[in-house]
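Only one structure is covered here, and it is reproduced in the block below.
Proteins get letters first, then strands, A, B, ... in listed order; numbering begins at 1 in each.
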Number of protein chains: 2
Amino acid sequence: MAITTHLKSLQALELAVREGSLKGAAERLGITPAAVGQRIRALENYLSTDLLLRGRSGLQPTKELDAAIADLRVAFEALDRATELLDFQRVSEIHIVADPDWAELWLAPRLPEFREQHPNLRFCINGAGDVPVRLGSPDLRIDCDSRNAEILFHDILVPITGPDNTRRIAEGDPDHDMEGMPLLHLRAQLDGDDHPGWVSWFNTYGHRESGQDRGVNYPNARLALDAVRQNVGFLVCGLSLILQDLKQGSVVNPFPFSKHLPATQPYALTLRHDAKNRPAIARFVNWLRNKARETQAEIDTLK
Amino acid sequence: MAITTHLKSLQALELAVREGSLKGAAERLGITPAAVGQRIRALENYLSTDLLLRGRSGLQPTKELDAAIADLRVAFEALDRATELLDFQRVSEIHIVADPDWAELWLAPRLPEFREQHPNLRFCINGAGDVPVRLGSPDLRIDCDSRNAEILFHDILVPITGPDNTRRIAEGDPDHDMEGMPLLHLRAQLDGDDHPGWVSWFNTYGHRESGQDRGVNYPNARLALDAVRQNVGFLVCGLSLILQDLKQGSVVNPFPFSKHLPATQPYALTLRHDAKNRPAIARFVNWLRNKARETQAEIDTLK
DNA sequence: CATTTGATAAAGTTTATCTTTATTCAGATA
DNA sequence: TATCTGAATAAAGATAAACTTTATCAAATG
C-alpha cells in the first residue's frame, strides 16, 4: 500500500471545499491565496486530473474529488483531534532563579535563540519574565554559591575599559593611562572575598600601590558595564559576561588576558527534584549545557 | 479551531509507531532514517514534549503520544483511502497519431519534459510507446493534411548540411561547394507537391540548372538527418525539426534563412470528439500548444 | 571482544513552498 | 454598455523546509 503524498495539498483542498473559496482556506492556513492555488494545482498536476472547478463565486469539487472528499474530511478532523490531544497549544512554564548579573548579561542575550525554537515555553527569571512568580522552589537555580551542583563553566575575571581608550592603550603604557581614569567596582567585589575585584587584581599583578578600592561603586554588573562602554573607567568583570561586547569592540581589554583572576566558584546548576521528568525542562537544560560548553571553550581560548 | 501543522511529522510518527522502527518508516516513506528522525524531532521540539522513546530495538510511544495515536491512525487510514479513491495510481493513456517525421523529430525530444511532470500518463504514438495501440480513432491527430484542425505552427523549409562544411561555407560560395556534394531527398519530396524539396528550392532561388532531383533518397527525415549530420550531403528540411540540431551545431545552414520555402500546410491538431472531457488530455494539449507557440516564435525569429 | 544494526548529529544541498507583483476574468454596479 | 471589484492565476524571485551524506555513538548480537 502506497503512502499518501501531497499532504499539504490535500489539506488545502479539503479546507478550500469546506470554506468554499481559496481565499477562505488561505486565511485559515495563514498563507496567501496564491499559495493555496499552487498547492491544489500541484496535486492536480500530479494526478493529471482536475479536482476543483474554480468559479469566481464559489468552488465546486469535480466528481473525482467528490468520491474522496468524505475521507478527506474524516482524516483532517481526526488530525485536528490529534493535534488537540497532543496539546499543540500547551504552554509550559520554566521558573529560574539565577545570579542576577549572569541572568542579565549571559542568559538574556542567548535566550531568544532558544525561545524561537520553543514558542510554547514561558519563562520566569528572577521573578520577571513571561509569567508571574510561583510559590515554592524554582525549576532551575544557577549561581556560584551552591554546593553539589552541576558545573556549567569556570569563569575568569579580567580588567576592561571603554572603546575610546583603545588608541591610547595601543600607544602607551596601560598602567600610565589608568592613572587618569577612575576604577569601577561592583558592590559585591568590595563586600567580601567571593567576588575578586581591583584589590585582588592589583595584589596579584601590581601596577598600583594605593587607592585600590577608590572609585565608583555600582550595584550590579549591567550598570557598571554601561559605564565602561561610555568610557567612564576601568572594571574587573567576569569574561563570560562580556564576550559579545569584546567581539563588537564596545569594551576592550587593556591588559592581556593572561593577567586574569580565576573566579572563586564556577557557575553551577541545581535542578528541582522533579524537574527531570518534565521534557520541556530537560530540553532547556540540555540547551543550557551546550551554551555553557561553548562559553567555557571561548574562555579557555582567550585566557 | 487551529489548523493542523507538521503534517509530515505526524505521518512519520504514525508510521514509525506502526512499523516499530524509524528505519521501517523510512523505507515505506522512501526517505532515509535520518530524515524520519528529523521529522519527528521537529514535532517534539515544536511541542516541547517527547513523543517517542527510541530504543535500539523497538520504539515506544510516550503517554503524550498514546493519547493521540488512535486519532492519527484513523486520520492516515482515511487519507490512504482518499488517495486510493483519487486514484493516485491511475494510468491515463493518450493515443496519438502524427506525422512520423514530426513525431520523431519534434515531439519526441520535447515529450520527456512533460512526462516528468505527469508520471501517470502513458503514450502511444503512431503505434509505439508505453501502451499498445487501441482500436478506434486516436485521441489526438497531428499532421499537415487535415482540414478544420487547430493550427499549431507554420513551418518553413530550409537547406541544411553537415558541420564539416561550416568552414568551407564560411570561406567561399555555398553554390560552388554544393557542386561536389550530393543532394538528399525525402521520398515525400519527390512524390508530390505537398512537400517542397530541392526542385522547388532551385526553381525559386536558382543556383543550379539541372539534376535537381538527383541524389540520394531517404524514406524519412530522421534517416536523412542522420546522413546530413555525417556530412553526406545537403537536404531541404522543415526548420521546426532541426532547431536543436542548429543550436548544437550538428547541422548548419549554408544559406541565409531568408532563402526558405514556406511549408504548404501548417502542422495542425485534431482532437477526438470526447477528448475534451478528459483532463489528462486537456493538460497535454495545453502543453502542446505552448510548445508549438514557442516553436513558431523561434521560426519567425530566424526566417 | 569484535561486529552489526539502528539512531543521531552536523553540514551542505536540493527542493518545496511562499510571497510579491502584475494580469485576467466573471459578475456586480453605475 | 462601460467600468469597477473581488477572486483566481501566472511568473519570478526569495525564503524556508526537507533531505542526503558522512561520521559517530550505543546497544544488541555473535
Side-chain angles (χ1 to χ4, degrees), chain A residues 3-13 15-46 50-62 113 116-117 119 282-283 286-287 289-291 293-294 297, chain B residues 3-13 15-46 50-62 113 116-117 119 279 282-283 286-287 289-291 293-294:
Chain A
I3 289 296
T4 302
T5 62
H6 295 75
L7 292 172
K8 291 181 145 180
S9 292
L10 290 167
Q11 184 185 39
L13 187 60
L15 204 48
V17 171
R18 214 180 330 154
E19 291 281 322
S21 77
L22 301 198
K23 187 172 185 248
E27 270 166 18
R28 304 233 15 210
L29 289 167
I31 58 178
T32 60
V36 175
Q38 285 171 20
R39 281 190 183 183
I40 294 174
R41 185 162 307 286
L43 182 58
E44 289 178 325
N45 282 341
Y46 177 72
D50 285 327
L51 296 171
L52 220 46
L53 300 172
R54 290 117 158 133
R56 302 297 156 182
S57 43
L59 299 175
Q60 205 180 341
T62 62
E113 176 204 304
E116 197 173 287
Q117 301 184 319
R283 202 160 281 119
N286 203 43
W287 173 84
R289 289 186 184 120
N290 281 328
K291 286 292 160 191
R293 200 175 307 132
E294 278 177 30
Chain B
I3 288 297
T4 303
T5 62
H6 294 76
L7 293 172
K8 289 183 148 181
S9 292
L10 291 167
Q11 183 186 38
L13 186 61
L15 204 48
V17 171
R18 211 175 339 151
E19 291 281 322
S21 77
L22 301 198
K23 188 173 185 250
E27 271 167 17
R28 302 232 18 209
L29 288 167
I31 58 180
T32 61
V36 175
Q38 285 172 18
R39 281 191 183 183
I40 294 175
R41 185 161 307 285
L43 182 57
E44 290 178 325
N45 282 341
Y46 178 72
D50 285 329
L51 297 171
L52 221 46
L53 299 172
R54 290 118 158 130
R56 304 296 155 185
S57 43
L59 299 175
Q60 205 180 341
T62 62
E113 176 205 302
E116 198 173 283
Q117 302 185 318
R283 203 160 278 119
N286 203 42
W287 173 83
R289 288 184 185 125
N290 280 328
K291 287 293 161 190
R293 201 175 308 132
E294 277 177 34

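Atom P of nucleotide C:dT19 and atom CD of A:Glu27 are separated by 13 Å, given to the nearest angstrom. The nearest whole Å value for the distance from the CG atom in B:Leu7 to the C1' atom in C:dA16 is 14 Å. In this entry the distance linking CG of B:Asn286 with P of D:dA10 reads 9 Å, nearest Å. Between A:Leu53 atom CG and D:dA7 atom C1' the separation is 16 Å, expressed in whole Å. For the pair A:Leu52 CG and D:dA7 C1', the interatomic distance rounds to 13 Å; values are reported in whole Å. Atom CZ of A:Arg283 and atom P of C:dT8 are 12 Å apart (whole Å). For the pair A:Asn45 CG and D:dA10 C1', the computed distance is 13 Å after rounding to whole Å. Regarding A:Leu51, its CG atom lies at a distance of 16 Å from the P atom of D:dA8, rounded to whole Å.
For B:Thr62, the side-chain hydrogen bond (donor to acceptor under 3.5 Å, both in side chains) test picks out B:Glu64, with sequence neighbours left out. For B:Asn286, the side-chain hydrogen bond (donor to acceptor under 3.5 Å, both in side chains) criterion is met by no residue, not counting sequence neighbours. Looking at residues two or more places apart in sequence or on another chain, you find a side-chain contact (heavy atoms from CB on, under 4.5 Å) between A:Ala25 and A:Leu15, A:Ala16, A:Val36. B:Glu44 is linked by a side-chain hydrogen bond (donor to acceptor under 3.5 Å, both in side chains) to B:Arg54, counting only residues two or more places apart in sequence or in another chain. Take A:Lys291 and apply the salt bridge (Lys or Arg N to Asp or Glu O under 4.0 Å) test, not counting sequence neighbours, and it matches A:Glu113, A:Glu294. Under the salt bridge (Lys or Arg N to Asp or Glu O under 4.0 Å) criterion, B:Arg293 pairs with no residue at all, not counting sequence neighbours. Here B:Arg41 pairs with nothing under the side-chain hydrogen bond (donor to acceptor under 3.5 Å, both in side chains) rule; sequence neighbours left out.
Each of A:Lys8 and A:Leu22 was assigned the nucleotide of DNA chain D with the nearest heavy atom; the assignment lying further toward the 5' end belongs to A:Leu22. Heavy-atom nearest nucleotides on DNA chain D were determined for A:Ser21 and for B:Ala42, and the one closer to the 5' end corresponds to A:Ser21. The residue among A:Ala35 and B:Pro33 whose nearest nucleotide of DNA chain C is located toward the 5' end is B:Pro33.
Across C:dT17, D:dC19, D:dA8, the shortest atom-to-atom separation from the side chain of A:Lys23 is found for D:dA8. You'll find that the side chain of A:Arg54 is closest to D:dT9, out of D:dT9, C:dT8, C:dT17.
When A:Ile40, A:Leu13, A:Leu22 are each tested for a side-chain contact (heavy atoms from CB on, under 4.5 Å) with A:Leu59, only one passes: A:Leu22.
Side-chain nitrogen and oxygen atoms of A:Arg41 include none within less than 4.0 Å of the OP1 or OP2 phosphate oxygen of D:dA8. Put simply, A:Arg39 has no side-chain N or O that comes within less than 4.0 Å of OP1 or OP2 on C:dA16. Within the 4.0 Å cut-off from OP1 or OP2 of D:dT20, at least one side-chain nitrogen or oxygen of B:Thr32 is found.
In terms of heavy atoms, A:Arg39 sits closest to A:Ala12 at CD-CB, 3.7 Å.
Distance alone, capped at 3.5 Å, places no donor-acceptor pair between the A:Gln11 side chain and the A:Leu29 backbone.
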Every protein N/O lying under 3.5 Å from an N/O of nucleotides 11-15 of chain D:
none

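The terminal axes of the helix from C:dC1-D:dG30 to C:dA30-D:dT1, fitted over 5 pairs per end, subtend an angle of 30° to the nearest 10°.
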